[in-house]
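For reference, the structure discussed in these notes is given below.
A quick note: this is a predicted structure, and the numbers were derived from the prediction, not measured. Order of appearance sets the numbers: ligands from 1, and atoms from 1 within every ligand.
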Amino acid sequence: MIKSRSIPISNILRKFTQRYASSQALATDLKNIVGNDNVATTASVREQHSHDESYHAGHVPDVVVFAQSTDHVSKIVKYCASKRVPVIPFGTGTGLEGGVTAPKGGVCLDLSRMDKVLSVNAEDFDCTVQAGVTRNALNTYIRDTGLQFPIDPGANASLGGMCATSASGTMAVRYGTMRENVMNLEVVLADGSIIKTAGLKGRSRKTSSGYNLTNLFVGQEGTLGIITEATLKLHAIPEAVLAAVAPFKDLRAAVNATVAIMQSGLPVARIEFLDENMVDACNRFSKLNLDVAPTLFLEFHGSNSNIEAQGRIAEETCKSFECLKFTFATETDRRNELWKARHNVWYAAHALRPGSKGYSTDVCVPISALPDMIQFADNEVKRLQLLGLTIGHVGDGNFHVILIVDPNDFEEIKRVHDFATILAKEALRMNGTITGEHGIGVGKKQLLIDEFGLHGINTMKIIKKALDPLNILNPGKIIDIEKGF
Ligand SMILES: Cc1cc2c(cc1C)N(C[C@H](O)[C@H](O)[C@H](O)COP(=O)(O)OP(=O)(O)OC[C@H]1O[C@@H](n3cnc4c(N)ncnc43)[C@H](O)[C@@H]1O)c1[nH]c(=O)[nH]c(=O)c1N2
Ligand SMILES: CCCCCCC(=O)C(=O)O
Ligand SMILES: [Mn+2]
């Protein structure tokens, strides 16, 4: 008997739209443009570039190109447009929504070799960097200026990737997210042309000039253009820093205290919530000795004269919500230990169940809705019998439930997906968003339609079609352009 082998429809479509003969021919052409040393076709390099840090399935690109300059990026994109080849930008691959996968193959454009800090204007509190500079590298470079770039996703991400995902982190409550800290971007468009989003030389603190192109390209996840340079705001390293830890009797008390602190107008620099499972995981993984209870980690930045006053106000507020303890961490080593543990929660959560896979949610709601939202999440985790650990940038109304799953248990995976959908829909019901900082990528495209409605999504499609008519820039991410209106 002859077995018929069906060819997936996606492969047929891929062959139909691609205008390059083979991956090899593609690599040869690209080597002619950027040089042999900047093009990789080995299976291992392509595999490394096929996925990010999330649970989303990877898809390998045909070729990986390491751009060394804006000129390289422009030439590569122009070439890819002529051949209808997808271009997928890659920063450091720490994204959490599958943004760097290559479902249609094509060229993965790695920007890590564009790693120069181009200028630092300390007197104006700004700098301009190439897209591949990481946030740690920038902070090391500017250390002697007394300035810092405080946006801190847990990973040492590239600044281009952080612009592309509109990243934030623990200090956004005080210093804002990428949206508030990007002043100008250099972007290569889908035809290879190069623009500056806030004027050819602009780095002024404010502008009313024309459309806000900068914020169009912040959070676009590589679907509208390739970010090659970013002009960023810098902030003074505070004269004094004080941290504190406050365990509470239950999660509602901890979150209510957060809301009260935020509503009092206290300029808290960090206020992070950890539920008791997360505290337990941190104790085990980071060798801490915290009380296993819903807990707030706080930090205050200021001058020597006002830092203690800030701490006292927070302490009084937490005590009025019956916190079990309020302990200040004054020594640098203790503070670093706490924040290192906070940034390692992903790994701490995984260590609870060896061989597991993690799945992270990322809803954000108005601060007054946060107690009900976190309580809702907790109830749903229990109802669906999941291993879920909650961690949150609660001062911004943003939190993550990290779900630890057995990758071979399909029934459990389905319950995790159900939970993520229920949670996102509840956030929308509470006037929030399905993602505070991780983006849409491949997993939240359907929910994005719920968030924006048909007219909103259609407006996004119009923008995408105008800027990328051949749909070569990171296709399949944020919106499905092929699905029609
Ligand atoms: C342990 C841990 C902890 C955290 C996080 C990750 C991990 C592993 N993150 C998520 C992640 O660090 C964040 O999304 C970064 O902004 C991703 O930057 P990469 O350079 O890794 O981009 P990565 O390479 O992963 O790309 C992300 C997306 O941006 C696109 N892209 C990358 N560079 C581009 C460029 N130059 N031009 C155009 N498009 C580009 C890619 O195509 C993709 O769609 C996070 N995030 C957060 O906001 N807050 C947090 O607290 C954390 N915490
Ligand atoms: C790698 C996923 C960890 C989930 C949460 C990451 C994150 O945003 C954080 O705040 O931590
Ligand atoms: Mn986060």
Side-chain angles (χ1 to χ4, degrees), residues 48-49 51-56 61 67 70 73 77 86-102 108-112 114 129-135 151-172 177-179 185-189 217-230 270 272-274 278 282 339 341-350 357-364 389-394 396 398-404 435-442 473-478:
Q48 281 160 19
H49 286 79
H51 60 85
D52 58 13
E53 296 260 356
S54 69
Y55 75 95
H56 292 290
T70 302
V73 175
V77 174
V87 183
I88 304 105
F90 189 102
T92 58
T94 67
L96 296 174
E97 290 300 339
V100 298
T101 65
C108 175
L109 187 54
D110 184 316
L111 292 124
S112 60
M114 290 183 63
V129 297
Q130 287 188 312
V133 175
T134 65
R135 66 178 187 87
I151 320 303
D152 65 336
N156 184 21
S158 74
L159 291 157
M162 288 170 62
C163 293
T165 56
S166 188
S168 47
T170 64
M171 290 203 240
T177 72
M178 288 306 280
R179 282 206 193 279
L185 292 172
E186 182 184 77
V187 179
V188 173
L189 300 179
F217 285 92
V218 172
Q220 45 95 16
E221 302 181 36
T223 63
L224 300 179
I226 317 286
I227 297 164
T228 45
E229 287 179 19
R270 289 166 148 168
E272 295 282 312
F273 169 76
L274 297 82
M278 189 57 91
C282 285
W339 293 115
R342 162 60 189 94
H343 277 137
N344 279 335
V345 293
W346 181 238
Y347 308 103
H350 274 82
K357 275 262 180 200
Y359 181 116
S360 171
T361 65
D362 179 35
V363 297
C364 183
L389 300 88
T390 298
I391 180 90
H393 315 296
V394 279
D396 292 320
N398 181 203
F399 70 95
H400 315 296
V401 181
I402 300 179
L403 300 140
I404 300 298
T435 172
E437 54 179 22
H438 296 164
I440 301 297
V442 292
L473 293 181
N474 213 357
K477 314 297 163 61
I478 302 188

Looking only at protein heavy atoms, which one is nearest to [atom], and how far off is it?
atom                    : value
atom 37 (N) of ligand 1 : Ile227 N, 2.9 Å
atom 16 (O) of ligand 1 : Thr165 OG1, 2.8 Å
atom 9 (N) of ligand 1  : Leu96 CD1, 3.8 Å
atom 10 (C) of ligand 1 : Thr94 O, 3.5 Å
atom 31 (N) of ligand 1 : Ala164 CB, 3.6 Å
atom 22 (O) of ligand 1 : Gly161 CA, 3.7 Å
atom 15 (C) of ligand 1 : Ala157 CB, 3.6 Å
atom 53 (N) of ligand 1 : Gly154 N, 3.0 Å

Given Ile391 and Phe399, is the side chain to side chain contact (heavy atoms under 4.5 Å, CB included) satisfied, shown in steps?
CA-CA 6 Å; Ile391 180 90; Phe399 70 95; over 6 Å; no
Could you tell me whether the side chain of [Y] reaches within less than 4.5 Å of the side chain of [X], counting heavy atoms only?
X      : Y      : result
Gln220 : Phe217 : yes
Met114 : Thr228 : yes
Leu473 : Ile226 : yes
Glu437 : Asp362 : yes

Quick check: does [X] get an N/O under 3.5 Å from an N/O on ligand 1?
X      : result
Tyr347 : no
Glu221 : yes
His400 : no
Phe90  : no
Thr92  : yes
Gly95  : yes

Taking the side chain from [X] and the backbone from [Y], do they hold a donor-acceptor pair closer than 3.5 Å?
X      : Y      : result
Asp110 : Ala67  : no
Asp396 : Asn398 : no
Asp52  : Gly98  : yes

Pair Leu403, Thr361 - check side chain to side chain contact (heavy atoms under 4.5 Å, CB included), show working.
CA-CA 8 Å; Leu403 300 140; Thr361 65; 4.1 Å; yes
Can a donor-acceptor pair be found between the side chains of Thr223 and Asn474 at a distance below 3.5 Å?
no
Checking side-chain polar atoms at under 3.5 Å, does Glu186 have a donor or acceptor matched by the opposite partner on Thr70?
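The criterion, which ignores hydrogens and geometry beyond distance, is satisfied for Thr70 and Glu186.
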Counting from 1 in the order shown, the ligand 1 atoms closer than 4.0 Å to a non-hydrogen atom of Gly99 are 42 (O), 43 (C), 44 (O)
Could you tell me which atoms of ligand 1, counted from 1 in the order shown, lie closer than 4.0 angstrom to a heavy atom of Ala167?
16 (O), 48 (O)
Check each heavy atom of [X] against ligand 1 and say whether those closer than 4.0 Å belong to the side chain, the backbone, both or neither.
X      : result
Leu111 : side chain
His393 : side chain
Glu437 : both
Pro89  : both

Of the non-hydrogen atoms in Cys364 and Gly436, which two are nearest, and what is the gap between them?
CB-CA, 3.9 Å
Kindly give the heavy-atom pair with the smallest separation between Glu53 and Tyr347, and that separation in Å.
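Where Glu53 meets Tyr347 most closely, the heavy atoms are OE1-OH, 4.0 Å.
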Between His393 and His400, how do the two ring planes meet: parallel, tilted or perpendicular, split at 30° and 60°?
perpendicular
For ligand 1, is His438 a contact, meaning one of its heavy atoms is under 4.0 Å away?
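For ligand 1, residue contact (heavy atoms, under 4.0 Å) with His438 is present.
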Regarding [atom]: of the candidates [options], which has the closest heavy atom?
atom                    : options                       : answer
atom 2 (C) of ligand 1  : Ala155, Gly93, Gly225         : Ala155
atom 48 (O) of ligand 1 : Ser168, Pro153, Gly441        : Ser168
atom 39 (N) of ligand 1 : Gly392, Gly222, Gly436        : Gly222
atom 26 (O) of ligand 1 : Asn474, Val100, Thr177, Ile88 : Val100

side-chain contact (heavy atoms from CB on, under 4.5 Å) partner of Val73, chosen from Val187, Ile227, Leu109
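By the side-chain contact (heavy atoms from CB on, under 4.5 Å) criterion, Val73 pairs with just one of Val187, Ile227, Leu109: Leu109.
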Verdict with reasoning, Phe273 to Thr390, per side chain to side chain contact (heavy atoms under 4.5 Å, CB included):
CA-CA 8 Å; Phe273 169 76; Thr390 298; 4.0 Å; yes
Less than 3.5 Å apart, which donor and acceptor atoms pair up between the side chains of residues 152-161 and the rest of the protein, not counting sequence neighbours?
residue: Asp152; atom: OD1; partner: Thr170; partner atom: N; Å: 2.8
residue: Asp152; atom: OD1; partner: Thr170; partner atom: OG1; Å: 3.4
residue: Asp152; atom: OD1; partner: Met171; partner atom: N; Å: 3.3
residue: Asp152; atom: OD2; partner: Thr170; partner atom: OG1; Å: 2.5
residue: Asp152; atom: OD2; partner: Arg270; partner atom: NH2; Å: 3.3
residue: Asp152; atom: OD2; partner: His343; partner atom: NE2; Å: 3.3
residue: Asn156; atom: OD1; partner: Thr134; partner atom: OG1; Å: 3.2
residue: Asn156; atom: OD1; partner: Asn136; partner atom: N; Å: 3.0
residue: Asn156; atom: ND2; partner: Thr134; partner atom: OG1; Å: 3.4
residue: Ser158; atom: OG; partner: Gly161; partner atom: N; Å: 2.9

Note every protein N or O atom lying under 3.5 Å from an N or O atom of ligand 2, pairing the names and giving the distance.
residue: ligand 2; atom: 8 (O); partner: His400; partner atom: NE2; Å: 2.9
residue: ligand 2; atom: 8 (O); partner: Glu437; partner atom: OE2; Å: 3.1
residue: ligand 2; atom: 8 (O); partner: His438; partner atom: NE2; Å: 2.7
residue: ligand 2; atom: 10 (O); partner: Arg342; partner atom: NH2; Å: 2.7
residue: ligand 2; atom: 10 (O); partner: His393; partner atom: NE2; Å: 3.0
residue: ligand 2; atom: 10 (O); partner: His400; partner atom: NE2; Å: 3.2
residue: ligand 2; atom: 11 (O); partner: Arg342; partner atom: NH1; Å: 3.0
residue: ligand 2; atom: 11 (O); partner: Arg342; partner atom: NH2; Å: 3.4

From the Mn ion (ligand 3), how many protein N/O/S atoms are found at a distance short of 2.8 Å?
3
Does Glu229 have any salt bridge (charged side-chain N to carboxylate O under 4.0 Å, His left out) partners at least two apart in sequence or in another chain, and if so, which?
Lys196
Taking only Lys NZ, Arg NE, NH1 and NH2, and the carboxylate oxygens of Asp or Glu, determine whether Glu221 and Lys477 approach each other closer than 4.0 Å.
no
